[in-house]
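Order of the sequence lines sets the chain letters (A, B, ...), proteins ahead of strands, with each chain counted from 1. Because the structure is a prediction, the values reported are computed rather than measured. The figures here come from the full heavy-atom set of this structure, side chains too, leaving out hydrogens, waters and symmetry mates.
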Amino acid sequence: MSTPTADNFIEEFIVTDLENGKHDGRIHTRFPPEPNGYLHIGHAKAIVINFEIGKKFGGKTNLRMDDTNPTTEETHFVTNIENDIRWLGYEWEGETLYASNYFGELYQLALRLIDKGLAFVDDSTAEEIAAQKGDIDEPGTNSPFRDRTPAENRDLFERMKAGEFPDGSKVLRAKIDMAHPNLLLRDPVLYRIKHEAHHRTGDEWCIYPLYDFAHGQSDSIEGITHSLCSLEFRHHRDLYNWLIEALGIFPSRQIEFARMNVDYLITSKRRLKKLVEEGIVAGWDDPRMGTLAGMRRKGYPPAALRDFCLRTGVTKRDNQQEFGLLEHSVREVLNETADRYMAVLDPVKLVITNYPAGQSEILTAENNPQDESRGEREIPFSRELWVERSDYRKEPQNRKYFRMAPDKDVRLKAAYILHIEGHEEDADGNVTQINATYYPDSRSGNDTSGIKAKGTLHWVDAATAIDLEVRQYDKLFTDPTPMDHEDKDFMDFINPDSLKIITAKGEPALAQAKVGDTFQFLRMGYYTVDPDATEDKMVFNLTCGLKSSWKG
RNA sequence: AGACCCAUGGUGUAAUUGGCAACACAACAGAUUUUGGUUCUGUCGUUCAAGGUUCGAGUCCUUGUGGGUCUACCA
């Protein structure tokens, strides 16, 4: 089998490694979230990169919870993360792994470092350590505890583990170089004391490794060949490699790529949390949120998200993806998969004056013009219908206008051609009813009328229509990059009209829809059944509108 | 300001590693269409700057400029 061709700079590294026979041609990646929050679109990118590379090069991909901070981590986040990844369409190698699985091994590695004289126990306070760090253009100063002997350090560290010291009283630090240009290498803290229960190890430990003494070591323990992370970890790589060298452990290779930013979506956990806590959104799974749970609830198909992440590429450049590309991916999938139904979002009554009262008939309509195998469905039709208010104009219009107006001919989808006569209105000039006549010989499928109607409109039979609660979601912010304003807070850009709840009229077959089903409401957009739907009340969320080339 | 990273159309990503700057999205125009959807066709427009190396530079070198990251007992 020949090596696949590289599609980006990370894959180029991998291809080179493969060609050189590194790690016997083994490729192993991992997705390492901290279980302290919900996954969002940025995580989706990292998931796609890691899993797709694993797949493409015949490798494996682990799921590892980076759970080294007991203060912030909870088990229910783990379950959530697992669900989101599976929903996105990926299955990891074996069991879910945890950095906390390795606390014992990590402790032994720390001892090894101490014995080699490369780590020391420091009694300095956090403030003192910060002061010792120096500055970007000023070298740091050595800790007064830096020269303790390995024996003394080992004793102290063992007693830290035994719980002899209170939180904050001591830390374990690597002994590197307090004048190093990379601040991370100025004797970084490796272990801290936290008398706190961990979501998995309980009270077994009172010392916990920091990221830099857990992540890379976990990579090594798992035999991860390529440890892919975002650009902000670039400076950590020097420490990552220093520790591999010092410890003599499996040399995983860290490669950094640029995070993906998407217009109108924020990925900052703190800010997402604020939106939830201040009631700006209904929860972490609100369809307006950039969380995977939110996008799922909004009706975005996982295939669309994967496609989006793939087509935005992998580079080291700061990037800002247009929201339109995300929606393009969503529409591309839904156009093929979503059945078409009719629903009238802003209904106004239309009466066919020459259609006999009390008469009705059953018409058939294709479910999906892109896919004949989706079959047809039946739609009731009678004298009184609901049509879209915005499809009617009170004054006669020119030929560039295809919809309803006095004296216009329009086609009702899957039904007849109508001749619009006029309307009735209330004292305020609001249209209360549209009157029309129909051409009995213009029925869809056997139209012998010879009449050409340019416009085809959606409609619902009034007698059999069901009410639908429709949640019309719009962008949460009025600015594509609400965080990028130095003089303003992102909260200043909250869109006050990001959700409008309306009652629409839908064709009766819609009553059978199940949570998560996504449809195209003909001419209006894609809509998905919300979990709030009940037997008595259907609830639909707007997934994404349709493109429109009409400038009306 | 020290160190590190980055710079190609409106957006994002390519360019056989020094050889005609391409693709997607967006926008615009037209054709098709029982969704003003889909599909099809066309148009639009780019190598941050200045030097240098070279027959030839988006690619290599130098110097600028612009943007990003780093000074948590978070990850």
Contact string for nucleotides 33-42 of chain B, one letter per nucleotide 5' to 3', B = base within protein heavy-atom range under 4.0 Å, S = sugar-phosphate only, - = neither, reads BBBBBS----
Residues pairing under salt bridge (charged side-chain N to carboxylate O under 4.0 Å, His left out) where one sits in residues 176-200 of chain A, two or more places apart or in two chains, turn out to be A:R146-A:D187
- Ring center gap for A:F233 and A:Y211 short of 6.0 angstrom: yes
Sequence neighbours excluded, the answer for ring-ring contact (aromatic ring centres under 6.0 Å, His included) partners of A:W386 is none
*asked:* With rounding to the closest Å, how many angstrom separate the P atoms on B:A27 and B:C20?
replied: 32 Å
TODO: Say whether, by atom type as modelled, one donor and one acceptor occur between the side chain of A:N153 and the main chain of A:I114 under 3.5 angstrom.
DONE: no
Review point. Between B:U46 and B:A22, how far is it from one C1' atom to the other, in whole Å?
Key: 12 Å
ask   = Got a donor-acceptor contact below 3.5 angstrom from the A:S230 side chain to the A:E232 backbone?
value = no
- Task: Report yes or no: is the cationic atom of A:K161 (NZ for Lys, CZ for Arg) under 6.0 Å from the centre of the six-membered ring of A:Y107, at an angle within 45° of the ring normal?
- Result: yes
Distance-only donor-acceptor test (3.5 Å): side chain A:Q320, base B:G12
no
A correct 5'-to-3' footprint of nucleotides 67-75 of chain B, with B, S and - meaning base, sugar-phosphate only and no protein heavy atom under 4.0 Å, is -SBSB-BSB
Look only at the side chain of A:H458 and the backbone of A:M342, and say whether a donor-acceptor pair between them is shorter than 3.5 Å. no
Whole-Å distance, A:E11 CD to B:U13 C1', equals 13 Å
Given the 90°-from-0 boundary between syn and anti, B:U17 should be labelled syn
Here the distance between atom C1' of B:U13 and atom CG of A:D307, to the nearest Å, is 13 Å
From CE of A:M260 across to P of B:U13 the rounded distance in Å is 11 Å
To the nearest angstrom, the CZ-P distance between A:R237 and B:A3 comes to 17 Å
Can the ring centroids of A:F157 and A:Y191 be said to lie less than 6.0 angstrom from one another?
-> yes
With a 4.0 Å cut-off on N to O distance, would you call A:R64 and A:E222 a salt bridge?
yes
Exercise. Using the P atom in both, what is the distance from B:C5 to B:U63, to the nearest Å?
Worked result: 14 Å
Under 3.5 Å, is there a donor-acceptor pair between the A:R30 and A:H215 side chains?
-> yes
Pairing string of RNA chain B (Watson-Crick or G-U wobble, both atom distances under 3.5 Å; | = paired to other strand) is .((((((..((((.....[..)))).(((((.......)))))....(((((..]....))))))))))).....
Test your reading of the model: is there a side-chain donor-acceptor pair from A:S442 to the backbone of A:Y439, 3.5 Å cut-off? yes
Subject >> Rounded distance in Å between the C1' positions of B:C60 and B:U17 >> reply: 11 Å
_Between B:G58 and B:U16, how many Å separate the two C1' atoms, rounded to a whole number?_
15 Å
From CD of A:E327 across to P of B:A27 the rounded distance in Å is 11 Å
Original post:
Between A:T315 and B:U13, is there a side-chain N or O to OP1/OP2 distance below 4.0 Å?
Top reply: yes
| Spacing of the C1' atoms in B:A15 and B:U32 (rounded, Å) | 35 Å
Rounded C1' spacing from B:G52 to B:G42 in Å:
42 Å
Residues pairing under salt bridge (charged side-chain N to carboxylate O under 4.0 Å, His left out) where one sits in residues 363-381 of chain A, two or more places apart or in two chains, turn out to be A:D339-A:R374, A:E366-A:K413, A:R377-A:E507
P atom, B:C23 versus B:A14: distance in rounded Å? 16 Å
